[in-house]
Amino acid sequence: MNNYSNLLYFGINHHMPNGNFSQPSRAFVVRHQYGHQVSVPLIPTWSIPRSLPPIPAGIMSIPIVPTVDRQRGVKRQHGQESQENQPKRRSFPETDAAHERITRAITDHFHRYRPPPEIVETKRNLTNTIFKMIRESIGSVILHPEQAVDLGLFMVGSTTNGFGTRTSDLDLCLMINEHFEFDKDDSIEILRRIRTLLRNIVALRNIQLIPARVPILKFVCTIPRSRDSFECDLNINNPVGIRNTHLLNMYSRLDPRVQLLMLAIKRWARFQDINDASKKTISSYSYSLMLIFYLQAAVSPPALPCLHHICPEEFSKSLNALSPDTPPPAWITLNNSSTGELFLGFLEYYHQFSFDKWCISARTASLLKKEEVMANSNDPRQWKCMSIEEPFDVSNTARSVYDDLVFQRILRVFRRSYETLSKTRVFETIVTDPF
């Protein structure tokens, strides 16, 4: 363990200079050290004058689905994969009225459960407030006496990747140094200091430090002028989480069907109880990669490109250079399938998928041989029932699915959901009766 006193000290080394800020729409109430309360103005990222140091780019906003669909064509800019690794592509017939019923149900669900503006604003403002308090109270982290490293606070996960709902948690990552590893004891000590700071924010309650393998702070935030609340998690130095949030954010903005499909998949999977890594089933992140790969490689024409092929430089940037406002690369698809058709095809593709032979790779938009992936892995034991490649550290995002009985139940849910929806063409039939 590093000596924490040499690692972190308190001091306002990085403070916000005085300046004329545009009027923020909200303010969080913070307790003053002498007991009375003061209102801390919130500084939205878009209102900071250029002369001031901006909030880190990792504090992202949720992209909004365009109300008007974009013109579609096709553009493939990367090399063709080998025939052996290429999955069978599914071509769809012309859209019919039955598929349109599924599309309407999925679209209605999206508009009911997408995050409302007040929740989006509260999460962004809370992130800004916490970052400002940490930066002014803790200052810099000292790795060496002559080297100070700036702090950065990033919104990660579903709040920012484009696949969030009104009930999504707020996941935060405090980055101290992308290339420095803190051991568990150091992380716990840093989070303990932050816990003391967070107790000064009136809107927060139930602040708990969880000393797990990856220590986190858990707390609940009450939405101003509302009885609603949302849960929050804060961890330290998880660069992979920041990068894959950026990746999903870009994919979610390439085609409006992507967000619609992902929220429908989450609703279906949660109702069927196959969307919880702690229960040995599939995480939401793994479902996101399954959807992206399906739209890249299992439908014809492709509905999504492979971003690692057409803009690799975007994913080698420093973390502070990542921005939710980075426009996605030029991509126009000829795939005119409806959302309902694509959802039905998703269920069909994966209930027939040979998980014993192949690893899903959205990074390459191709299938990888499972035996070769295992041979090249630092931990072959993680490649059990399902294999889904993490695009940045090439681990298995589906390693939670290791119990064969649970895995067979997952496949049964996929198969019965496909059979039921194929017959009824009514989306509600797969989210009202468990399979």
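Remember, predicted model here, so these are calculated numbers, not experimental data. The chain is numbered in sequence order, starting from 1.
What you find for E389 and C359 is that their closest heavy atoms are N-SG, 3.8 Å. Across all their heavy atoms, V406 and K280 have their closest contact at CG1-O, 3.4 Å. Between N249 and S252, the shortest heavy-atom contact is O-OG, 2.8 Å. Nearest heavy-atom pair across T103 and G340 is OG1-N, 2.8 Å. Among all heavy-atom pairs drawn from S284 and M262, the shortest one is O-CE, 3.7 Å. Across all non-hydrogen atoms, the minimal contact from L191 to L234 is CD2-CD2, 3.6 Å.
With hydrogens and angles disregarded, a donor-acceptor distance shorter than 3.5 Å links the side chain of N237 to the backbone of I176. With hydrogens and angles ignored, the 3.5 Å screen pairs a side-chain donor or acceptor of K184 with a backbone N or O of P211. Under a 3.5 Å cut-off, the side chain of Y251 and the backbone N or O of S288 do not form any donor-acceptor pair. Judged purely by atom type and a 3.5 angstrom limit, W331 uses its side chain to pair as donor or acceptor with the backbone of A303. At least one donor-acceptor pair under 3.5 Å links the side chain of T245 to the backbone N or O of G157. In this structure, the side chain of D171 does not engage the main chain of S158 through any donor-acceptor pair within 3.5 Å. A side-chain donor-acceptor contact under 3.5 Å links S286 to the backbone of T397. Using a distance-only test at 3.5 Å, with no hydrogens or angles considered, no donor-acceptor pair links the side chain of K384 to the main chain of S400. Listed for the D233 side chain is no donor-acceptor partner under 3.5 Å among the backbone atoms of K218. Of the possible donor and acceptor atoms, one in the side chain of Q382 sits under 3.5 Å from a partner among the backbone N and O of N396.
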Applying side-chain contact (heavy atoms from CB on, under 4.5 Å), run through N275 and W268 and close with a yes or a no.
CA-CA 9 Å; N275 183 204; W268 159 77; over 6 Å; no
Is there a side-chain contact (heavy atoms from CB on, under 4.5 Å) between N235 and V156 once you walk through the steps?
CA-CA 10 Å; N235 61 41; V156 296; 5.7 Å; no
Test log, rule side-chain hydrogen bond (donor to acceptor under 3.5 Å, both in side chains), inputs S318 and N320
CA-CA 6 Å; S318 67; N320 283 335; over 6 Å; no
Pair F293-Y349, side-chain contact (heavy atoms from CB on, under 4.5 Å): steps then yes or no:
CA-CA 11 Å; F293 175 80; Y349 182 75; 3.4 Å; yes
Taking it one step at a time, do R243 and L322 satisfy side-chain contact (heavy atoms from CB on, under 4.5 Å)?
CA-CA 8 Å; R243 293 194 180 280; L322 302 181; 4.3 Å; yes
Audit row: S377, D379, side-chain hydrogen bond (donor to acceptor under 3.5 Å, both in side chains) steps and yes/no:
CA-CA 5 Å; S377 173; D379 183 11; over 6 Å; no
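Annotation: side chain of I130 is in contact with side chain of I201 (closest heavy-atom distance under 4.5 Å). Contact of the E314 side chain with the T326 side chain is registered, since non-hydrogen atoms from C-beta on lie closer than 4.5 Å. T159 places a side-chain heavy atom less than 4.5 Å from the side chain of L170. At least one side-chain heavy atom of W358 sits less than 4.5 Å from a side-chain heavy atom of K369. A 4.5 Å side-chain heavy-atom check between L344 and E341 finds every atom pair outside the cut-off. The shortest side-chain heavy-atom distance between T281 and I410 falls under the 4.5 Å cut-off. Two residues are said to be in side-chain contact when any heavy atoms from C-beta on lie closer than 4.5 Å; F219 and R205 fail this criterion. Side-chain contact between M250 and L254 is absent, with no heavy atoms from C-beta onward closer than 4.5 Å.
Put simply, the residue from L304, L342, L263 that forms a side-chain contact (heavy atoms from CB on, under 4.5 Å) with V258 is L304.
Here ring-ring contact (aromatic ring centres under 6.0 Å, His included) pairs that include residues 387-409, with residues two or more places apart or in two chains, are H308-F392, F355-F407.
A salt bridge links E189 with R192: the closest approach of a Lys/Arg side-chain nitrogen to an acidic carboxylate oxygen falls below 4.0 angstrom. We find that K317 and E313 are not joined by a salt bridge, their nearest charged nitrogen and carboxylate oxygen being 4.0 Å or further apart. Taking the charged nitrogens against the carboxylate oxygens, E419 and K423 have no contact shorter than 4.0 Å, which rules out a salt bridge.
A distance of 4.0 Å separates CE in M155 from OG1 in T160, rounded to the nearest 0.5 Å. Here I119 contributes atom CD1 and S229 contributes atom OG; the two are 9.5 Å apart, rounded to the nearest 0.5 Å. To the nearest 0.5 Å, the span separating NE2 on H109 from CZ on R267 amounts to 5.5 Å. Here T167 contributes atom OG1 and D228 contributes atom CG; the two are 11.0 Å apart, rounded to the nearest 0.5 Å. Of the inter-residue distances, the one linking E231 atom CD with C221 atom SG reads 11.5 Å to the nearest 0.5 angstrom. Between L209 atom CG and I190 atom CD1 the span is 11.5 Å, to the nearest 0.5 Å.
Classified by interplanar angle (parallel below 30°, tilted 30° to 60°, perpendicular above 60°), the ring pair F343/F346 is parallel. The aromatic rings of Y350 and F414 sit perpendicular to each other, their planes meeting at more than 60°, with 30° as the lower class boundary.
Heavy atoms of other residues, nucleotides or ligands lying less than 6.0 angstrom from NZ of K279 number 12 at most. Open room surrounds NZ on K357; 12 or fewer heavy atoms of other groups in view lie less than 6.0 Å from it. Shown here is D356, whose CG atom has more than 12 heavy atoms of other residues, nucleotides or ligands within 6.0 Å. Remark: R381 CZ is loosely packed, at most 12 non-hydrogen atoms of other residues, nucleotides or ligands lying under 6.0 Å away.
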What side-chain donor-acceptor pairs closer than 3.5 Å can you find for residues 425-435, not counting sequence neighbours?
from	atom 1	to	atom 2	distance (Å)
R425	NH1	S422	O	2.3
T429	OG1	T424	OG1	3.0
T429	OG1	V426	O	2.6
T432	OG1	E428	O	2.8

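Taking the ring axis of F230 as reference, the NZ or CZ atom of K123 stays within 45° of it and closer than 6.0 Å to the ring centre.
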